[in-house]
> 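Quick one: structure below, then a few questions.
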Amino acid sequence: MTSLTDDQLDRYARHIVLREVGGAGQKALLAAHVLVVGAGGIGCPAVQYLAAAGVGRLSIIDHDQISLSNLQRQPLYGTGDIGAPKAETAAAAVARLNPDVAVAAITEAITADNIAPLLADTQPDIVLDGTDNFMTRLIVSDACVAARIPLVSAAIGMFQGQVGSFYGHLPDAPCYRCFVGDAHDADDCDTCADQGVLGALCGLVGSFGAMEAIRAITGFGEDAKGKLHVYDGLKPDMYTMRLPKDPACKTCGSLAAA
Ligand SMILES: [Zn+2]
């Protein structure tokens, strides 16, 4: 792996002085490719922190355009961006934030048919899913298990946020489907369009998602496989649980350790 330039030693100095990250962790970040699904309330802060952290390659998928009602919680975008594609606008923001990051914008809508070829083409090390409905999250999770790619899933609703690290391709770790089951396969209506959400909650949960992607890349701290963190913004309070692999899961159950 090539050594860090003087500018990089300066830019990432506050990472490098962390014993748990160090120069090796920073090089791992610069060599990593994270695919962010959804450049909305969760994707915006996640992309912002992943780009600033020097993740060397970012792919951003979103088929939507920026609307006025997005701006309350999607601070990569400004009033002048209304009507522009989210993925491309987010990619332009990344280019402005950090020249170390090679960024690609993908403006396709995720479907069960295109996600597998998309992962095969782009070959990310980690997928960070910040989409706003169960159907897409399950499609993304199933494809990650098949492609053996770790998934950080981050979701919000009103005052609650959830972040989980899913490694369903491993014999002892759950996938997202082990957690939510099959009932949501046709359920695309838990969006914040009708629910409402506090903008700052998106910042918190999206940054948390970026944190867990960075943990997966650099290996700092404790093992997060199968951990789900639930934040209650009303109290406020947070708790963490370790989810089991479901041997009956139709996506990853067959991979369970005997
Ligand atoms: Zn599973």
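Numbers here simply count residues along the sequence, with the first being 1. Whatever order the structure lists them in is the order used to number ligands and atoms, beginning at 1.
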> When rounded to the nearest 0.5 angstrom, what is the spacing between CE in M241 and NE2 in H229?
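So the gap between those two atoms works out to 10.5 Å.
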> Between the side chain of Q48 and the main-chain N/O of L97, is any donor-acceptor distance below 3.5 Å?
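Such a contact is absent between Q48 side chain and L97 backbone.
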> Side chain of K227, backbone of R242: donor and acceptor closer than 3.5 Å?
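Not confirmed, K227 side chain does not pair with R242 backbone.
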> List the residues meeting salt bridge (charged side-chain N to carboxylate O under 4.0 Å, His left out) with K225, not counting sequence neighbours, and say none if there are none.
D223
> Do R177 and T251 have a side chain donor and acceptor closer than 3.5 Å?
yes
> So with a 6.0 Å cut-off around CG of D121, is the heavy-atom count from everything else above 12?
yes
> What are the protein N/O/S atoms, named by residue and atom, that sit under 2.8 Å from the Zn ion (ligand 1)?
C175 SG, C178 SG, C249 SG, C252 SG
